[in-house]
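In this text the structure is predicted, and so the values were computed from the model without any measurement.
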Amino acid sequence: MKSWIVSAVGISMLAGAGCAEEEETVEEKYSLRVTTDGRLEAGAAERLSFEIRDAEGQPVGPVDVVHEKRFHILVMPPELDFFAHVHGDEGDPAQQEAANPEEVPSVEVTFPRGGEYRVFIEFQPTGESHSHLVSATVEVAGDGTPENVLASDESGATRTVGSHAVQLENHDGHIVLQVETDGEPAVLEPYLGAAAHLVVAKEGARELVHVHPTGDGADGTVEFQAAFPGGGRYRAFAQMRPDGELITVPFTLHVADKPDGGGGHGH
């Protein structure tokens, strides 16, 4: 039996048990339907299929290629100890559009443990000037305990991935990454049309910011401007390709509330 989930970025309103789960939406223009081939199990490659519809229930229609893909699919649990950025359509942009400009490609995800996960899809309908973000929650069967990755603020920390060292500095939303390979400034080859990508998700995986840097990262340094949606604990997932090797590097950031309680939203 196929199971499906319909939702958009918003406040949870679960509708019964079994195969269907629905959520009220804050962004009412588009909604997301996720289809699976039965119960999702941790530790196995599970295929997720998608359908995006507008407020009238019609398919989203043609979608532009932005940063080399029509749909950017992001998966994470509320605890933010796992992150996947996948696409499904691995051909060049012309092949993607020629195949089916309206179809959201299915993807495979291997969930590391059981529990709740949030699936986000970012896309830009043809004729619109900005991207949209829809999401849905899926449940995965299996054992495992979430890792407590949100305890300590890691702004200023350096993480090592193989021969690469990545340092992140957060200056009130002005985020600077410095990347070295074997002790020297890294050469950041383009990844999805940019020197790097940064996805910053708030604890609970209900709000996130997806931003791109200024500059080409030629000296191993990239800078981002992120508007955090309020105070709280965040996980920043930096993706880049130093010397041709794609790496994903996570950092935890603790963000204080603004004096007026304000914050910003971004995709």
Side-chain angles (χ1 to χ4, degrees), residues 1-9 17-21 23 31-52 60 63 65-93 95-96 99-100 102-123 133-149 159 161-162 164 191-192 197-199 201 204-206 208 210 235-241 244-250:
M1 177 180 66
K2 288 185 178 292
S3 58
W4 53 274
I5 301 95
V6 176
S7 147
V9 177
C19 292
E21 177 179 309
E23 299 187 4
S31 63
L32 172 65
R33 171 174 174 165
V34 180
T35 305
T36 68
D37 293 325
R39 189 172 75 163
L40 298 175
E41 299 279 354
E46 298 284 7
R47 182 158 293 279
L48 307 179
S49 299
F50 311 102
E51 185 178 279
I52 298 174
V60 66
V63 171
V65 172
V66 177
H67 284 278
E68 300 184 2
K69 301 293 179 182
R70 294 178 300 128
F71 300 94
H72 292 265
I73 300 163
L74 310 168
V75 182
M76 64 198 76
E79 300 84 2
L80 304 179
D81 57 334
F82 170 79
F83 173 80
H85 181 181
V86 291
H87 305 94
D89 49 357
E90 298 303 330
D92 64 40
Q95 290 175 324
Q96 294 174 41
N100 189 334
E102 301 180 9
E103 182 180 354
V104 186
S106 64
V107 299
E108 282 192 349
V109 178
T110 301
F111 299 94
R113 58 174 174 80
E116 177 184 299
Y117 290 80
R118 196 76 170 166
V119 180
F120 294 88
I121 300 184
E122 186 177 16
F123 63 98
L133 193 69
V134 291
S135 73
T137 299
V138 298
E139 292 288 338
V140 177
D143 297 326
T145 301
E147 184 181 352
N148 182 13
V149 298
R159 289 191 172 276
V161 180
H164 312 294
Y191 171 57
L192 297 177
H197 289 250
L198 188 70
V199 174
R206 294 283 170 169
L208 63 77
H210 180 191
R235 194 74 163 159
F237 300 94
Q239 292 191 293
M240 65 209 74
R241 197 188 298 275
E245 181 182 0
L246 177 61
I247 61 174
T248 301
V249 190

K.L.:
Would you give the length of the straight line joining atom CD1 of Ile73 to atom CG of Leu48, rounded to the nearest 0.5 angstrom?
P.N.:
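Ile73 atom CD1 to Leu48 atom CG measures 8.5 Å (nearest 0.5 Å).
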K.L.:
What are the two closest non-hydrogen atoms of Glu122 and Leu133, and how far apart are they?
P.N.:
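Closest approach of Glu122 to Leu133, heavy atoms only: CB-CD1, 3.8 Å.
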K.L.:
Measure the shortest side-chain to side-chain distance between Leu192 and Gln239 over non-hydrogen atoms and say whether it is less than 4.5 angstrom.
P.N.:
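Counting from C-beta outward, Leu192 and Gln239 never come under 4.5 Å.
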K.L.:
What closest approach, in Å, do Ala136 and Val34 show between heavy atoms, and which atom pair accounts for it?
P.N.:
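Here Ala136 and Val34 meet closest at CB-CG2, 3.8 Å.
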K.L.:
Please identify each residue that fulfils side-chain hydrogen bond (donor to acceptor under 3.5 Å, both in side chains) with Arg113, with sequence neighbours left out.
P.N.:
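Once residues adjacent in sequence are excluded, the partners of Arg113 under the side-chain hydrogen bond (donor to acceptor under 3.5 Å, both in side chains) criterion are Glu79, Asp81.
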K.L.:
Could I get the full list of side-chain hydrogen bond (donor to acceptor under 3.5 Å, both in side chains) partners for Thr110, not counting sequence neighbours?
P.N.:
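Once residues adjacent in sequence are excluded, Thr110 has no partner under the side-chain hydrogen bond (donor to acceptor under 3.5 Å, both in side chains) criterion.
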K.L.:
Once you round to the nearest 0.5 Å, how far does CZ of Phe237 lie from CE of Met76?
P.N.:
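The distance works out to 6.0 Å.
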K.L.:
How long is the gap from OG on Ser135 to CG on Leu74, to the nearest 0.5 Å?
P.N.:
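Result: 10.5 Å between the selected atoms.
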K.L.:
Restricting to ring-ring contact (aromatic ring centres under 6.0 Å, His included), what partner residues turn up for His67, sequence neighbours left out?
P.N.:
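For His67 the ring-ring contact (aromatic ring centres under 6.0 Å, His included) partners, ignoring immediate neighbours, are His197, His212.
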K.L.:
Distance from Ile52 atom CD1 to Arg33 atom CZ, nearest 0.5 Å?
P.N.:
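If I round to the nearest 0.5 Å, the distance is 13.0 Å.
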K.L.:
List the residues meeting side-chain hydrogen bond (donor to acceptor under 3.5 Å, both in side chains) with Glu116, not counting sequence neighbours, and say none if there are none.
P.N.:
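Applying side-chain hydrogen bond (donor to acceptor under 3.5 Å, both in side chains) to Glu116 gives none.
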K.L.:
Could you grab the distance from atom CZ of Arg235 to atom CZ of Phe82, nearest 0.5 Å is fine?
P.N.:
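Reported value, rounded in 0.5 Å steps: 13.0 Å.
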K.L.:
Please identify each residue that fulfils salt bridge (charged side-chain N to carboxylate O under 4.0 Å, His left out) with Glu245, with sequence neighbours left out.
P.N.:
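For Glu245, no residue satisfies salt bridge (charged side-chain N to carboxylate O under 4.0 Å, His left out) once neighbours in sequence are set aside.
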K.L.:
State which residues pass side-chain contact (heavy atoms from CB on, under 4.5 Å) with Val249; sequence neighbours excluded, sorted by chain then number.
P.N.:
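Val249 satisfies side-chain contact (heavy atoms from CB on, under 4.5 Å) with Arg159, Val161, Val166, Ile247, Phe251 once adjacent residues are dropped.
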K.L.:
Testing the basics here: between Leu80 and Val149, what is the closest heavy-atom pair and its distance to 0.1 Å?
P.N.:
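Reported closest heavy-atom pair: O-CG2, 3.7 Å.
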K.L.:
Do the non-hydrogen side-chain atoms of Phe123 and Val104 ever get within less than 4.5 Å of each other?
P.N.:
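No - every pair of side-chain heavy atoms lies 4.5 Å or more apart.
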K.L.:
Under a 4.5 Å cut-off applied to non-hydrogen side-chain atoms, are Phe120 and Arg118 in contact?
P.N.:
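Touching, per the 4.5 Å side-chain cut-off.
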K.L.:
Are the side chains of His72 and His87 in touch, meaning some heavy atoms are under 4.5 Å apart?
P.N.:
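Yes, side chains in contact.
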K.L.:
Would you check if Val199 and His210 make a side-chain contact, meaning some heavy-atom pair closer than 4.5 Å?
P.N.:
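They are in side-chain contact.
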K.L.:
Applying side-chain contact (heavy atoms from CB on, under 4.5 Å), name anything that partners Ala42, two or more places apart in sequence or on another chain.
P.N.:
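With sequence neighbours excluded, Ala42 shows a side-chain contact (heavy atoms from CB on, under 4.5 Å) to Val140, given in chain and number order.
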K.L.:
For a 4.5 angstrom cut-off between non-hydrogen side-chain atoms, does Lys69 reach Val86?
P.N.:
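Sidechains of Val86 and Lys69: no contact.
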K.L.:
Which residues satisfy the side-chain hydrogen bond (donor to acceptor under 3.5 Å, both in side chains) test with Glu147, sequence neighbours excluded?
P.N.:
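Per chain and number, Glu147 pairs via side-chain hydrogen bond (donor to acceptor under 3.5 Å, both in side chains) with no residue.
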K.L.:
When rounded to the nearest 0.5 angstrom, what distance separates CG in Leu40 from OH in Tyr117?
P.N.:
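These two atoms lie 10.0 Å from each other.
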K.L.:
Identify the two heavy atoms, one from Gly88 and one from Val107, that lie closest to each other, and give their separation to 0.1 Å.
P.N.:
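Smallest heavy-atom distance, with atoms named: N-CG1, 3.7 Å.
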